[in-house]
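What follows is a short report on a single structure.
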Amino acid sequence: MSCTERFNEPLIIKDISLDEPCSFFVIPNSVKCDDEVLVLQSCLNLSDISVVRFNSSGVTGKNKLDLGADYYGFLMYYVNQDSIFYSSIFDETNSLCFLSSKGLFYDTINLSPLILSTDPSVGLEYADNQIFVGNSSLEYSVADKDSRAKYYDNVRPVCLIDIETRNASSFGEFPVSYTKNSSNYCDWFPVVCPLKENSCLLSFACDDSIYLYNNGIKDKSILCKSKYINKFAPIKDDDFFDMGSYRKYSLSKPKYSELIHNCFTNEYYRVAQHAKKIENNGKLANDFVPSWSMIVMDSSFKVINEYYFKTNEYSPRIIVTSKDGVYVEKAMKNKEDRLTLTLFKL
């Protein structure tokens with residue numbers, strides 16, 4: 001890429017301090033854009049979970065959840081004080097649990113024979129009394145090409161749980177870029193972006209398209225390619241079982257991550273995390289600053305812009321849409337820094 005190329009940068013409106021320490025991380029998919037709520041969990045003390053409400057004026061409210069020390073944030077979705085969904089896959093019951101902010105369990109839905117994802121980047125998505133989460137398998141392996149071919153053919157990668165009917169089912173299919181050569185991109189669970197009327201979008205980490213599903217059936221594929229990603233290379237089978245090679249591959253590869261619907265503008269945002277330069281020791285190369293971008297699509301899924309960010313300035317970990325613009329997490333540079341969001345106008 002030419003050194004003279006100008007990157008698209010959104011208009012900065014203001015910074016909003018949430019007054020939380022850098023030791024807190026946002027629980028995946030517990031960012032609510034309709035009323036500007038974040039659910040945060042401490043890396044140092046898992047029982048320290050905060051619900052932070054804010055707007056363009058600053059923090060408007062904050063409370064703690066009293067759930068105990070054995071809860072993993074990436075298995076949780078916060079709806080309100082009395083309605084929290086939690087996947088209990090680590091206690092071998094394979095259930096979706098319903099609990100209050102005081103940790104009181106009041107209902108469960110058994111999910112067998114479906115096997116939910118334990119990938120921290122996937123989390124749970126919720127909309128219109130439906131929960132979406134990655135679906136896995138105990139029957140099919142991904143260790144070699146022949147096994148992956150069977151996995152891709154037989155495993156539906158998304159689990160859908162209907163709260164009203166208490167039904168749990170799976171749907172979706174892997175993209176051709178994965179299945180054609182039974183390639184291994186170390187990616188088994190798509191990002192789900194729920195929409196209205198039983199429809200949703202699926203995005204896979206190493207595929208340039210997104211997929212529109214209606215009632216569990218694929219309607220169409222939509223090309224949504226980042227201009228900062230040239231190609232995706234799968235990991236070799238021998239490297240898949242070598243921890244050093246696996247780590248280097250996982251850290252260096254480009255990938256797509258968040259997929260967000262802006263209900264205020266009816267636009268869609270897809271995050272592209274660009275390739276990184278990793279040394280043989282598995283660490284980021286000296287003086288190399290990773291970058292990422294946000295692809296903007298209009299209501300017809302046409303790409304209209306792509307904004308470029310450096311990770312030493314902003315992080316895609318928190319992106320919240322609002323009527324005032326889009327909040328993005330500001331990079332923390334010191335342990336004393338507080339969690340701050342920058343409000344952009346795209």
Side-chain angles (χ1 to χ4, degrees), residues 28-29 74-75 77 85 87 89 94-96 109-128 130-162 167-195 198-224 232 234-235 240 249-250 253-261 268 270-273:
N29 301 337
F74 63 91
L75 300 176
Y77 191 94
F85 304 135
S87 173
I89 54 178
N94 195 30
S95 298
L96 181 73
I109 296 178
N110 189 283
L111 303 177
S112 299
L114 300 176
I115 306 296
L116 299 195
S117 158
T118 58
D119 186 341
S121 65
V122 176
L124 282 73
E125 275 285 6
Y126 170 78
D128 298 331
Q130 293 182 324
I131 293 177
F132 301 85
V133 65
N135 177 47
S136 187
S137 172
L138 293 178
E139 182 177 357
Y140 299 99
S141 170
V142 295
D144 56 70
K145 186 173 182 178
D146 291 340
S147 299
R148 283 193 299 275
K150 295 178 181 178
Y151 187 98
Y152 288 144
D153 284 343
N154 292 280
V155 178
R156 307 281 72 83
V158 182
C159 175
L160 171 63
I161 306 163
D162 190 300
N167 273 344
S169 58
S170 60
F171 74 92
E173 58 187 62
F174 289 91
V176 174
S177 57
Y178 286 47
T179 62
K180 184 178 181 180
N181 296 308
S182 301
S183 299
N184 184 356
Y185 294 102
C186 302
D187 172 46
W188 316 107
F189 311 106
V191 172
V192 182
C193 177
L195 305 175
N198 295 322
S199 62
C200 67
L201 294 170
L202 300 188
S203 169
F204 290 83
C206 298
D207 185 72
D208 290 320
S209 294
I210 59 175
Y211 302 89
L212 177 64
Y213 277 77
N214 289 307
N215 294 306
I217 299 173
K218 186 167 72 173
D219 190 347
K220 61 179 177 180
S221 62
I222 303 147
L223 184 63
C224 182
F232 297 103
I235 191 172
F240 188 44
Y249 175 82
S250 299
K253 73 173 183 179
K255 64 179 180 180
Y256 296 103
S257 51
E258 289 76 7
L259 181 61
I260 300 164
H261 177 228
Y268 301 88
R270 191 185 199 191
V271 171
Q273 301 192 32

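One distance of note links OG of S250 with CG of D187; it measures 10.5 Å at 0.5 Å rounding. Going from atom NE2 of H261 over to atom SG of C193 covers 7.0 Å, rounded to the nearest 0.5 Å. Between atom OG of residue S221 and atom CG of residue L223 there is a gap of 8.5 Å, rounded to the nearest 0.5 Å. The OG atom of S170 sits 11.0 Å away from atom CD1 of I115, with the distance rounded to the nearest 0.5 Å. The NZ atom of K255 lies 11.5 Å from the OG atom of S203; values are rounded to the nearest 0.5 Å. Remark: L96 CG to I161 CD1 distance equals 4.5 Å, nearest 0.5 Å.
Residues passing the salt bridge (Lys or Arg N to Asp or Glu O under 4.0 Å) test with E258: none are found, sequence neighbours excluded. For the side-chain contact (heavy atoms from CB on, under 4.5 Å) test, residues two or more places apart in sequence or in another chain that qualify with D144 are D146, S147, D237. With sequence neighbours excluded, the residues satisfying side-chain contact (heavy atoms from CB on, under 4.5 Å) with P157 are F174, P190, F204.
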When you look at S177 and F232, which way does the side chain to side chain contact (heavy atoms under 4.5 Å, CB included) test go after all the steps? CA-CA 9 Å; S177 57; F232 297 103; over 6 Å; no

Step by step, would you call D208 with Y256 a side chain to side chain contact (heavy atoms under 4.5 Å, CB included)? CA-CA 8 Å; D208 290 320; Y256 296 103; 2.7 Å; yes

Take W188 and V142 through the test side chain to side chain contact (heavy atoms under 4.5 Å, CB included) and record every step on the way to the result. CA-CA 9 Å; W188 316 107; V142 295; 3.6 Å; yes

Run the side chain to side chain contact (heavy atoms under 4.5 Å, CB included) test on L111 and I109 for me, step by step, so that the C-alpha distance in whole Å, both residues' side-chain angles and the decisive distance to 0.1 Å come before the verdict. CA-CA 6 Å; L111 303 177; I109 296 178; 4.2 Å; yes

Check step by step if side-chain hydrogen bond (donor to acceptor under 3.5 Å, both in side chains) holds for D153 and Y140. CA-CA 10 Å; D153 284 343; Y140 299 99; over 6 Å; no

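Using the six-membered ring where Trp is involved, F85 and Y77 have ring planes that are parallel, under 30° apart on the 30 and 60° scheme.
Under a 3.5 Å cut-off, the side chain of R156 and the backbone N or O of G172 do form a donor-acceptor pair. N110 places a side-chain N or O within donor-acceptor distance of the main-chain N or O of S112, the cut-off being under 3.5 Å. Put simply, the side chain of K253 gets close to the backbone of Y185: a donor and an acceptor are under 3.5 Å apart. Counting only distance, with no hydrogens or angles, the side chain of Y151 and the backbone of A143 share no donor-acceptor pair below 3.5 Å. Not a single donor-acceptor pair under 3.5 Å links the side chain of D207 to the backbone N or O of P175.
Proximity of N198 to Q130: side-chain heavy atoms (C-beta onward) are separated by under 4.5 Å at one or more points. Side-chain contact check for L160 versus I131: every heavy-atom pair is 4.5 Å or farther apart.
Between C200 and F132, the shortest heavy-atom distance links the atoms SG-CE2, 4.3 Å.
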